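In this text the structure is predicted, and so the values were computed from the model without any measurement.
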Amino acid sequence: MGRLRTKPRPSLSGAVIFYGVSGSSSQCKSREIQGATQIHESPEGGIADHQTVVPPPSTSPSPITNDASSITSSLDLNTDSSSYTSLSSLSIKLQENRLDAGVVTKSYTKPSGRLTRSDVSTVLGLAKDTIALFVHVPYVQVVATVIQRIIAIADNVQNNKDRSLELIDKVVLYAGVIFDALNNSDTRSGNDLDGLKSELLQIANILESIYEILETLSVSTITARINRVFLRDEISGQLAEQDRRLDTVITSFQLKSSIVLRRAIHVEATQQSVAAQRSKPDAQSSRPIVRLRSRPQIMFGRDKEIGDMVDVILQQPPARLAILGPGGIGKTSLALAVLHDKRIAAKFDKNRLFISCEAATSVDHIIGDLALSLQITGDRCSGQLFDAVLALLHQSTFLVVFDNLETPWEVSSARADVEQFLQELADLKSVTMLVTIRGSQHPPGVSWSELLPPLKPVDLESALKIFTAISHKRDEYAEKLVQAVDRVPLAVTLLGNLAAVDGETTEALWHRWCEENVDMVESGDGRLNSLDCSIELSLSSPRIRRDPGALNLLSLLSLLPDGVTSETASFLEGGIPGILHTKRALATLRQNALLSADSCGSIRILSPIRLYMRARHPPSPDSRRFLQDYFLDLARHGVYHNDPVMKKRLSVESGNIEAMLTDSLDFPLDRPMEDVVGAVLAFCHHTYLFGLGSSGAVSLAAEKLICIPPSPSNLTPPVKRVTRPRRLLVFRFRKDAPKVLPVSDNKGPPVEKCANSTLRLRGDCFGCWGQLLSRQLRFEEAQNKFELAIQLHVEAGDTSGHAYDLHNLGCLLSRGASTFSRAQSCFKEALALHEQLGDQVGAAYDLMGFGQLLLQQAKFCEAETAFKKALQFFTECGDELGRASALNNLGHAVLSYSTPREADQYFLQALQINRTTGDVIGQADSLAGLACTLLLRSRFSEARQRIGEAIALRSPIENPDHLHILGRVFVAEYEFDQAVEMLSRAEGLHAQMDDAHGIAEDKRYRLQIDFFRGQLADPDLMRPDGWALRQRLSDLEDLHKEDQLGLADTQSTIGMIGHIIFYNNGTKHFKKALATHTELGSLLGQAFNHHQLECYYLRWGVFEEAKANLRKALELHERTENVQGQADDYNKLAELSLRQGLFQEALMRIACHALKLHTQIGDIAGQADDIYIQACVFLEQYRLEEAEDTIRRALELHWKAGFLYGQALDLATLSSIMWQRCTGQEATPSDRAAALETLDRAAVAFARCLAKREVSQCHLRYVEMLREDLSLKDIPTRVLTWEYPDSDDSDDEWDSY
């Protein structure tokens, strides 16, 4: 519950030698890694959601006349002037704060300060007026309503607050621009706003996106806060993107509104007559039905796109829409789904046409197919046929889909004709037009209703549904398969067809995919049956053929799995061997949707396209080496962990760097293998510090070095190393890896010569590999790699590498008591080697290793001395990372003494250093240590925040000790369900690592939770049987048999539960635990034991002993600043006063101390205990009405906390109060029955807590009730008829236990 000190535990971080990087390696080649200008795509406007409309007011506003005199000079219209009205004065209300009435530029100038409350109130009033005045214009109401919602949520934003408030201010200011334009419209019907409709819908869409982001930032749950910390950069990018989109659409809106308000209003009076003759007078009713292509049977993940497009078609007739995207993304399926939508079918009925342009090479082919669909026959030239088509289309409303329009449009000779054809159709108000185009560019000349962005792959769940619907299989391998093809619908469909074959398994398919990739994803010829065909169709388009550099660039960029950042793109634009015009090639690839930009501005290539290019179109050797050189140079900067700019750059590019390191190892292109391996080892620094990346490159490097013949030492200068900090943490954070860093030539001790540089490099690779595996908590594999590294370094004559291998191996062996002696031998040998080499920093790490072993053996004073000596060495050598590790370990050492404030200072210093150096895992360790100090000082919400930050930093890797701490916080806050979840996950991970202490601690707290919740008994029988409980406690003792402190904590738990269940048992367990805690110097452990001894003595009426133990417990809790312990002590002092008849003293201790402190820390169960004492005092004073009200409040709080034993006490006391109130003349049989039923509920609760003595007392009380009212015997009870003796054989068995 946060009352006990945390258990020390070591970390697996060693003196981290990042092997194989010499002092000279820090001076990388002079290639400048440029902070490149970012490449930005113009954001596409999305489809607005028009369904959420504010209901109109019950009364319509009176007609409003615009004041035309103020704009007569600029509009040059003959309009009568009239007085201002409420809406026409919008601009006056915002005159001082709104933006200039002219066109808003994209360079938004931040206001000098936040808008005032009156400004915001004014805008809210204007929004309300706008909703009322434009009652028949729903899209205007949507804009005004969203503005209201954005303003309302402003005060709730919790993260990215400054940036969010700046954006909200901009929304408020732009509202003035919008309301000004609306004010100048002539009517409120919306007829004059048709020209602004598209822009207003785009504004609504962007404002909705802004509101969704702000709403995400306003959620206050722990999961949401952790996610926001982890995704803070992505959220900032989203805010910036919406900011840019808002600037763009407001600019467009102002330009458009200025034109709309200046044009004369006129109505078309005539229409052209139909010239073409029809064979039948009623074309719509008489022409034969042309069968449409059927609706896709398997369609998941496109509901939003379908709904948005259907809304646009129905609400913005005649709509013109284009579905864009790469091949296989589902453009045709989406168009068919829209075509077969029920609302579309109801509106257009038989007048829905689907024209495939896949085989068309000219506009004549399209016209011919369209005429055939309309059943227009006869020998006519192309022009006459098109006239006939236009004439028929003019007669009724039609929806026409042109699929794969890029085929004729991209033919140079036909491009102009196709564009003219589309413009002719777009002029018909009766025709709704939908086209699908492979690419990302809209054909010009058409006023598109919405500029829909290119389609993206479907989400993971939808992709799995597609796969499952086809194959009827779903498992982890199915998920791997759909992820491998980036959730592209065509690829997922083809994979599903393969998995549907009888006898085929998803596991076998996955292994095939790993070998064959896109080769296996085909079921025939044609773009819809083969992924290869679909991709090749995109690569063979006329645009690609006209720009050969585009294909070469695509093949080169396909080497980068994480896409191309703006910095890398800027570097590549400077020139690539074999590609003359890089910018032009990028533009061509974008137009064909072979590239896309994400929210961060990085260029992405879908996985199937990337894999296809690597297999079919590999880059030229010159361009490949060019890209390898760039990323190898970037990897060598991995040692610059103190450079924040480079640190961020490496984090963003980590996936690409690892891919290019692997590519350079596979294709060295006449480059010395040692150079590549050197870059691999340098980048291991970054991988280790930030937890980003894998051990793939370093493992491949070790394999490649086997093929290189041994080289003499004179070819490679000796390597000088200095160690990196260990993760030597005392709260059992012994899960992190050892590490090392290189130093420059002017630092460090003299180093011996190596006999063989190739063997040394292999040893360095295995050492780094072991470090990375340790960080991933894969300890058995890591141990194997360290042992191989030792063998290679000894064979190579590399004493320094040998020393660090021994140190790192010692860190791994210090995880369990059974290997302490081996760990001690490793540290001792490593220390001797480091002293022989004069490596002071290496010796410092070895001292910390010894300190960890001492800490594990509860020798806190000796451990603290070792850590302080190591800190001194690190400080003298200027090793900041070493200092941070030593400070973390000192924090846990003093925390073992239960001095959290001193420990807090050590952790804060370590955290500051780790943040400066960028050691993410070091930060997580420091944050976890701070969470421990906060937890022990009863500052639970702060502890939850700190440990949440630590977990987010380590994500996706889960540290079981961090989960355990979070579970402890949940226990302290009585959030038992979440506590069980965290502790169960921690126990599973501890079991995987064979961590006996971790398993024991997880089990111990879960046992306490079961006790608090009354889950130690069979819920049906509810008979007190302690055998299963004794077995659980025995298991805990076995797990802690080598751990004095853990055993003492287990004894405390045995005593806490045992004195409730086996009430004849004495103080044996408490006294054993107290003796151990006193011997080890654990103040909180002693305080807890004294408190429980007081509870035992108070239970049995030994008041003097109870008081003496309470005084001692209170003194210790005050020394350790444990507020929860102090509050509990005051509660028991009040109970002692109550038992001695000192009622006023009891009430004063509750009100002035216990309840005040419990309320201060948010301990609801503690508050319930305090209120329970108050109710008991009122009962003793026969203040029955006050007593009943008070005990019911206590019962409510105990129920809220889930503390069943407390509820049982409340119910038993409530029953006594109710029975005493029944003694009056007004009592009824139902009142007595209610008292009895309440007593039975109390007995049931006590039985579930295995509290036999309390159940027996309830039975005795039941007998007394029957004596006073025999009619109560007819009332059925669940427990009260049981009889429990004062003792039984089980107590003797417990006592011997």
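Looking only at distances, no side-chain donor or acceptor of S1256 sits under 3.5 Å from a matching main-chain atom of K1252. Formation of a donor-acceptor pair under 3.5 Å by the S1215 side chain with backbone atoms of A1235 is found in this model. Under the 3.5 Å distance criterion, the side-chain polar atoms of R1006 are left unmatched by any main-chain donor or acceptor of D1002. A distance-only check finds a donor-acceptor pair linking the side chain of Q1086 to the backbone of S1082 [under 3.5 Å]. A donor-acceptor contact shorter than 3.5 Å is absent between the side chain of R1149 and the backbone of Y1130. Judged purely by atom type and a 3.5 angstrom limit, D1210 has no side-chain atom pairing as donor or acceptor with the backbone of I1191.
A side-chain contact (heavy atoms from CB on, under 4.5 Å) with H1158 holds for exactly one of D1169, D1128, I1164; it is D1128.
Heavy-atom minimum distance, I947 versus L966: CG2-CD1, 3.7 Å. The minimum heavy-atom distance linking R937 with P900 is given by the pair CG-CG, 3.7 Å. Contact record, A991 with I999: CA-CD1, 3.7 Å, taken as the closest heavy-atom pair. Looking at every heavy atom in both residues, A1247 comes nearest to V1255 through N-CG2, 3.6 Å. P960 and H990 get closest at one heavy-atom pair: CB-NE2, 3.5 Å. Contact record, A972 with L935: CB-CD1, 4.2 Å, taken as the closest heavy-atom pair.
With rounding to the nearest 0.5 angstrom, the OG1 atom of T216 is 10.0 Å from the OH atom of Y211. Note: L1236 CG to R1261 CZ = 10.5 Å, rounded to the nearest 0.5 Å. For the atom pair E1094 CD and H1091 NE2, the distance stands at 6.0 Å (nearest 0.5 Å). Between atom CE of residue M1218 and atom OG1 of residue T1238 there is a gap of 4.0 Å, rounded to the nearest 0.5 Å. With rounding to the nearest 0.5 Å, the separation of CG in N156 from CD in E215 is 10.0 Å. In this structure, the separation between CG on L1204 and CG on L1209 is 10.0 Å, given to the nearest 0.5 Å.
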query: Would D925 and H962 count as a side chain to side chain contact (heavy atoms under 4.5 Å, CB included) if you check the C-alpha gap in whole Å, the side-chain angles of each, and the deciding distance to 0.1 Å?
result: CA-CA 9 Å; D925 293 342; H962 295 176; 4.1 Å; yes
- request: Start with the C-alpha gap between L930 and D904, add the side-chain angles, then the distance that decides, and say whether side chain to side chain contact (heavy atoms under 4.5 Å, CB included) holds.
  value: CA-CA 6 Å; L930 286 170; D904 195 76; 3.2 Å; yes
message: R1013 vs D977, test: side chain to side chain contact (heavy atoms under 4.5 Å, CB included). Steps then yes/no.
response: CA-CA 10 Å; R1013 302 171 85 173; D977 288 337; 2.6 Å; yes
field: L1116 vs T1120, side chain to side chain contact (heavy atoms under 4.5 Å, CB included): CA-CA, chis, key distance, verdict
entry: CA-CA 6 Å; L1116 290 169; T1120 57; 5.7 Å; no
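With a 4.5 Å cut-off on side-chain heavy atoms, K1132 and E1135 count as touching. The shortest distance between side-chain heavy atoms of L1195 and Q1207 falls below 4.5 Å. Inter-residue side-chain proximity for L1239 and L1211 is flagged as unmet; no heavy-atom pair is nearer than 4.5 Å. Counting heavy atoms from C-beta on, the side chains of F970 and R944 come closer than 4.5 Å. With a 4.5 Å cut-off on side-chain heavy atoms, L1084 and N1122 count as touching. A heavy-atom distance below 4.5 Å is not found between the side chains of E942 and T933. Put simply, the side chain of L1110 does not reach to within 4.5 Å of the side chain of H1090, judged on heavy atoms. Side-chain contact check for K1200 versus Y974: every heavy-atom pair is 4.5 Å or farther apart.
A salt bridge between E981 and R985 is present, with a side-chain N of the basic residue lying under 4.0 Å from a carboxylate O of the acidic one. Ion pair E1196/R1193 not flagged as a salt bridge, since none of the NZ, NE, NH1 or NH2 atoms sits closer than 4.0 Å to an Asp/Glu carboxylate oxygen. The pair R954-D961 does not meet the salt-bridge criterion, since no charged nitrogen lies less than 4.0 angstrom from a carboxylate oxygen. Classification of R1248 and E1254 as a salt-bridged pair fails, no side-chain N sitting under 4.0 Å from a carboxylate O.
Ring geometry for F1203 versus H1198: interplanar angle over 60°, hence perpendicular rather than tilted (30 to 60°). A parallel orientation is assigned to the rings of F1012 and F976, their planes being inclined by less than 30° (bins at 30° and 60°).
Less than 6.0 angstrom separates the ring centroid of H892 from the ring centroid of F907.
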